[in-house]
Protein chains: 2
Amino acid sequence: MLNTRARVSKATVRRIPLYYRAVQQLQQQGVKRIRSERLSEIIHIPSATIRRDFSSFGELGKSGYGYSVDTLVDEFGKLLEVQDAENILLVGCGGLGAALIENNFRRNPDLNITMAFDIDSAKIGTEIGGVPVYDFRELAMRVTPDIKTAIIAVPSSAQPQVIPALEGIGIDAILTFAPQPVVCLPTTTIRYIDLTSELQSLLFTAHHQQLAE
Amino acid sequence: MLNTRARVSKATVRRIPLYYRAVQQLQQQGVKRIRSERLSEIIHIPSATIRRDFSSFGELGKSGYGYSVDTLVDEFGKLLEVQDAENILLVGCGGLGAALIENNFRRNPDLNITMAFDIDSAKIGTEIGGVPVYDFRELAMRVTPDIKTAIIAVPSSAQPQVIPALEGIGIDAILTFAPQPVVCLPTTTIRYIDLTSELQSLLFTAHHQQLAE
DNA sequence: AAATGTTTGTTAATCCATTCACATAGTAGC
DNA sequence: GCTACTATGTGAATGGATTAACAAACATTT
């Protein structure tokens, strides 16, 4: 069923989670079939974009019918590998880090923060939302080999020390909230979430919108 | 000095905060001039992109010299309007909301969360990091007219009630952590930060990278 | 002041993504 | 089974952003 390795564009990859979430909701509502036109209304992505995205994963739909919701849930689930849980470690148990642990992607049982690290001795040895907090200097000792993914919530200044340490223990996917751009191995996939930048560029757009309107 | 309203692309807008942060740091280090080539090494954006972005705000540089760091700090500061403080309200004082308030964009004195709202009576009336928490049902009563910006950190299911209420009191810029897409007024600028999607698409890329490599 | 070297700003080329529009293939009704 | 619909998947057109490459502008040195 999977397409002959048609290249999946980066823009499409960023939309997979949105598709997955939407079709999951439809499935829960008992909806059995969905047209691209109708899905477009729900998630606010043009129907042509939806059809092109979907077609890059194979011929998921049927002409004159639409898509089977169950099929879509299966296919996107496979793409996102939701069947086997992804264990994740988190570095930096300040306000943001602690909030992320508490939350722990509760809606997605396949995403688990299983351990956390900090250098603050007041936090080391404690638990946050059931997740143990270890000394970051014991990283290599504490980490289990199934963990390939890390979330970084440390101050920007500390990040340059954190990344190489993570790469040293086999982490190859990093989500970081420290905006400081950083050099990492070519095998490491890194993504930045920069809250200040998001807010500033949002404000820029909002304040300059009157010109466009 | 400002260019004759050359259109600023969306991609450029998203980079302004990065530029601003970088040139601020250079200024603090006492650096007086910077070439696009050198700046490129620092922020990992190609020098051609930097020059094109900068030129959309006017002729900021000088051939054979580069850019004056002070000039850049001034210009980007003006673009981001950092001189007058932006007061922000936050809705939803759960783990994430509380962490955002505690943090309160401390590095950027012009960004201030000045009040917060929740519907949990245990939180109403308290303070978080010096910011008062009010009853969301008193939104119209409590909000001051200088506030045009809101951050939403409520569960997705609650968001459809929150947005119209905010628009009703004059909010026109919204940053939300609830991924549920939502209809809002054409005058409202909204931006989503979807942590689960970011993580899922990161993992997709990381897991499928071996094919590309 | 002339010559040499440097770096911008921009034109042109390229790349990537979105959108249009429709032939094709399947559905639904009779 | 035949006819009338319907919605996909995709070639072609468009649009937006990035990158290459270089003429023009300025700095610096002699």
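Only this structure's heavy atoms are used, side chains among them; waters, hydrogens and symmetry mates stay out. Sequence lines set the chain letters: A, B, ... in the order given, protein chains first and strands last, and positions in each chain run from 1.
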*Asks:* For A:Gly66 and for A:Ala48, locate the closest nucleotide of DNA chain D by heavy-atom distance; then report the residue assigned to the nucleotide nearer the 5' terminus.
*Replies:*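 The residue closer to the strand's 5' end, by nearest nucleotide, is A:Gly66.
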
*Asks:* Please pick, from D:dA17, C:dT10, D:dA27, the nucleotide with the shortest atom-to-atom distance to any side-chain atom of B:Ala11.
*Replies:*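 Nucleotide nearest to B:Ala11's side chain: D:dA17.
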
*Asks:* To the nearest Å, give me how far apart CZ (B:Phe57) and C1' (C:dT10) are.
*Replies:*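 Whole-Å distance recorded here is 16 Å.
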
*Asks:* I need the B:Phe57 CZ to B:Tyr19 OH distance, nearest 0.5 Å.
*Replies:*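 Taking CZ in B:Phe57 and OH in B:Tyr19, the distance rounds to 8.5 Å.
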
*Asks:* Between A:Phe76 and A:Phe54, does a ring pair (Phe, Tyr, Trp, His ring centres under 6.0 Å) hold up when you go through it step by step?
*Replies:* CA-CA 10 Å; A:Phe76 285 116; A:Phe54 283 16; 5.2 Å; yes

*Asks:* Round to a whole Å and report the spacing from CZ of B:Arg52 to C1' of C:dA13.
*Replies:*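 B:Arg52 atom CZ is separated from C:dA13 atom C1' by 11 Å.
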
*Asks:* Please report, rounded to the nearest Å, how far the C1' atom of C:dT18 is from the NZ atom of A:Lys10.
*Replies:*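 Atom-to-atom, A:Lys10 to C:dT18, this comes out as 18 Å.
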
*Asks:* What distance do B:Thr114 atom OG1 and B:Glu86 atom CD have between them, rounded to the nearest 0.5 Å?
*Replies:*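 It is 10.0 Å, given to the nearest 0.5 Å.
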
*Asks:* At 4.0 Å (heavy atoms only), tell me whether B:Arg14 reaches a base, stays on the sugar-phosphate, or touches nothing.
*Replies:*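 It contacts nothing in the nucleic acid.
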
*Asks:* Grab the NZ-C1' distance between A:Lys62 and C:dA28 for me, whole Å please.
*Replies:*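 The answer, rounded to whole Å, is 13 Å.
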
*Asks:* If you take all heavy atoms of B:Cys93 and B:Val133, which pair is closest and at what distance?
*Replies:*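 That closest heavy-atom pairing would be SG-CG1, 4.0 Å.
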
*Asks:* Taking CG from B:Leu72 and C1' from C:dT8, how many angstroms apart are they, rounded to a whole number?
*Replies:*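 Whole-Å distance recorded here is 13 Å.
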
*Asks:* For C:dG9, take OP1 and OP2 only and decide whether either is under 4.0 Å from a side-chain N or O of B:Tyr67.
*Replies:*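 For C:dG9, OP1/OP2 do have a side-chain N/O of B:Tyr67 under 4.0 Å.
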
*Asks:* So, do B:Asp146 and B:Asn87 sit near enough that their side-chain heavy atoms are less than 4.5 Å apart?
*Replies:*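 Yes, side chains in contact.
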
*Asks:* Rounded off to whole Å, could you give me the CG-to-C1' distance for the A:Asp53 and D:dT8 pair?
*Replies:*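 Taking CG of A:Asp53 and C1' of D:dT8, I get 14 Å after rounding.
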
*Asks:* Distance check: side-chain N/O of B:Arg35 vs OP1/OP2 of C:dT7, anything under 4.0 Å?
*Replies:*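 The answer is yes; a side-chain N or O of B:Arg35 sits under 4.0 Å from OP1 or OP2.
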
*Asks:* Checking contacts here: which listed nucleotide (D:dC22, D:dG9, D:dA17) is nearest the side-chain heavy atoms of A:Glu59?
*Replies:*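 Out of D:dC22, D:dG9, D:dA17, the nucleotide with an atom closest to A:Glu59's side chain is D:dG9.
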
*Asks:* Considering just the side-chain nitrogens and oxygens of B:Arg38, establish if one lies under 4.0 Å of OP1 or OP2 belonging to C:dT6.
*Replies:*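 Checking B:Arg38 against C:dT6: no side-chain N or O falls below 4.0 Å of OP1 or OP2.
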
*Asks:* For A:Arg51 and D:dA7, give me the distance from atom CZ to atom C1', rounded to whole Å.
*Replies:*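 In whole Å, D:dA7 C1' and A:Arg51 CZ are 7 Å from each other.
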
*Asks:* Any side-chain N or O of A:Ser63 less than 4.0 Å from the OP1 or OP2 oxygen of D:dG9?
*Replies:*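 A:Ser63 to D:dG9 OP1/OP2: no side-chain N or O under 4.0 Å.
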
*Asks:* Looking at A:Thr49, I'd like to know whether one of its side-chain N or O atoms comes within less than 4.0 Å of OP1 or OP2 on C:dA17.
*Replies:*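 Answer no for this pair, as no side-chain N or O of A:Thr49 is under 4.0 Å from OP1 or OP2.
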
*Asks:* Rounded to whole Å, please give me the gap between OH in A:Tyr65 and P in D:dG9.
*Replies:*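 Between P of D:dG9 and OH of A:Tyr65: 13 Å.
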
*Asks:* Tell me which of B:Gly61 and B:Gly64 sits closer to the 5' end of DNA chain C, going by the nucleotide each one is nearest to.
*Replies:*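 Closest to the 5' end, via its nearest nucleotide, is B:Gly64.
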
*Asks:* Is there a side-chain contact between B:Ser36 and the phosphate of C:dT8, meaning an N or O under 4.0 Å from OP1 or OP2?
*Replies:*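 The answer is yes; a side-chain N or O of B:Ser36 sits under 4.0 Å from OP1 or OP2.
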
